[in-house]
Protein chains: 2
Amino acid sequence: MIKNQMRMTHQRDIILRQLRKSTAHPTADELYEQIKKKLPRISLATVYRNLEILSTAGLIKKLEISGRRKRFDGELRRHHHVYCLLCHRVDNIDLGQEENFQFLPAKAGGYRITGCRIEFFGICPDCKKKLKETKKMGCKKCGNETLNDQQQQILKTLAQSATACGSKDIAAAVKLEPKQISSQLTTLKKKGYVASPVRCKYEITEAGKSAIA
Amino acid sequence: MIKNQMRMTHQRDIILRQLRKSTAHPTADELYEQIKKKLPRISLATVYRNLEILSTAGLIKKLEISGRRKRFDGELRRHHHVYCLLCHRVDNIDLGQEENFQFLPAKAGGYRITGCRIEFFGICPDCKKKLKETKKMGCKKCGNETLNDQQQQILKTLAQSATACGSKDIAAAVKLEPKQISSQLTTLKKKGYVASPVRCKYEITEAGKSAIA
DNA sequence: GTTGACATGGTAATAATTATCAAATACAAA
DNA sequence: TTTGTATTTGATAATTATTACCATGTCAAC
């Protein structure tokens, strides 16, 4: 809508193009990782700043989707989203015949309503597949002792490290959300497979080594 | 649903009761402020921890509402929300005849859908009123130079302070969101009414003093 | 009474985002 | 084309919201 007083710098242009290219609704950080390939010297702050400016200017949309991270969308036409409860990806969704249905509340409690968001959540195809595989693998008797993919990856990473690792170090090697890593580390610690010699630092135990042997 | 292995401690009980008492969908921090009046020694960590445990146990609901802060709800029956874009409050909303309408997408893109959330947004009654008052006050000619309520409050606070203040100091005196305070400080700085001698510290200028005189 | 699992308070750590500032850049006017 | 200046950038510090950690406390079962 309003493009006043906004210079179209090279960085800003690349960010806009990259966002329009896919329907993946990336976070600022994800977009930064993609754009670094083309502009290795770009700063994360520049990505954040421009996403804010572009959305204020109405050239992109800021999504207020489940989860604590902001996501952005290059598609301006009205549409809605599905959110995967397991891997946190966000996809577009087709509402079919309801698409043009103007949804309005009976009583708005005095609010001036300016918009409405319909958001579905569930489990995406990839995570469905992974769940199935996990079920296949786990035997019924020792199910609780079986390590999942993520846990095995983390243990293998720790096994290769000479010193105790922070969750950031592990995140660099294992492509997972930091939060998931922490949660898995806690589980592994309870099972006795990793130890935490210092706060927020983790290392593999002998039991852990034998678990991935 | 599952209350296994959860002790109903005094703190936990108070948190649950306090949450069930209102329909204000408080954040952990807001709830902490309320509960401190009854249990002055309670820790913020305890509030966070118990909200997590209570929602896992199914005794309360964690809301994934617009905004970066988690909100909690003591009402377990299915209902939807309105979110004020200006003051960020969240209220319940009545969907009327659509209440029992099971909303399902035509194509779920392979997702297994487990739920759907309908969220309205707009401007709450209080903010509508404030907007009206602001419009009344501002004269058309000098509109840009008029300071709004928030800005005046902030300037008065700074005028009373002997040293440069951080936004936290101001937040303690002026009951506003820290984000709004920073934003207003930036505006005030641009207008020359406040100066920033050190990063993140602000003090009133001579121009600022005359503006509130 | 002792034991052990769960809880608490206080605080450090973390993740995501925003603010700050010197240096670089875009762009309009000369 | 040059120049002046407001905007923008990259680097980094700060901030906010939340979670992790740990020593200490509580309570129920043996």
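Numbers restart at 1 for each chain; the letters A, B, ... are given by sequence-line order, proteins then strands. Please read all numbers here as calculations on a predicted model, not as lab measurements. Because only heavy atoms are used, hydrogens play no part in the values below, and waters and symmetry mates are left out as well, while side chains stay in.
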Quiz prompt | Side chain proximity check, B:Glu52 to B:Arg49, heavy atoms < 4.5 angstrom | solution =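 No, every pair of side-chain atoms sits at 4.5 Å or beyond.
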Fill in: A:Ile93 side chain reached by A:His81 side chain, heavy atoms, under 4.5 Å
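A:His81 vs A:Ile93: side chains apart.
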Distance check needed: [N] [atom2] versus [X] [atom1], whole Å only.
| X | N | atom1 | atom2 | result |
| --- | --- | --- | --- | --- |
| B:Met8 | C:dT8 | CE | P | 10 Å |
| B:Ile53 | C:dA5 | CD1 | C1' | 13 Å |
| A:Arg68 | D:dT15 | CZ | C1' | 17 Å |
| A:Glu30 | C:dT17 | CD | C1' | 15 Å |
| A:Lys70 | D:dT16 | NZ | P | 15 Å |
| A:His10 | C:dA24 | NE2 | P | 18 Å |
| B:Arg12 | C:dC6 | CZ | C1' | 8 Å |
| A:Tyr32 | C:dT17 | OH | P | 14 Å |

request  = Name the nucleic acid region contacted by B:Asn50, choosing base, sugar-phosphate or nothing; use a 4.0 angstrom heavy-atom cut-off, strictly under.
outcome  =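 Since only primed, P, OP1 and OP2 atoms lie under 4.0 Å of B:Asn50, the category is sugar-phosphate.
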Q. Think B:Thr9 has a side-chain N or O under 4.0 angstrom from the OP1 or OP2 of C:dT8?
A.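 Indeed, a polar side-chain atom of B:Thr9 lies that close.
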field: Below 4.0 Å: OP1/OP2 of C:dA15 and any side-chain N or O of A:Arg69
entry: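 Checking C:dA15 against A:Arg69, no side-chain N or O comes under 4.0 Å of OP1 or OP2.
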Polar side-chain atom of [X] near backbone of [Y] as donor-acceptor pair, under 3.5 Å:
| X | Y | value |
| --- | --- | --- |
| A:His80 | A:Glu119 | no |
| B:Lys128 | A:Gly110 | yes |
| A:Gln18 | A:Ile15 | no |
| B:Arg89 | B:Cys124 | no |
| A:His25 | A:Val90 | yes |
| A:Thr46 | A:Ile42 | no |
| A:Gln34 | A:Leu31 | no |

### Task
Counting heavy atoms from C-beta on, name the nucleotide in D:dT18, C:dT17, D:dT9 closest to the side chain of A:Gln11.
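Selected nucleotide: D:dT9.
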* **Neighbours of DNA chain D within residues 36-49 of chain B, by heavy-atom distance under 4.0 Å** =>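 Contacting residues: B:Ala45, B:Tyr48.
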Report, one pair per line, the protein and nucleotides 25-28 of chain D atoms (nitrogen or oxygen only) whose separation is under 3.5 Å.
none

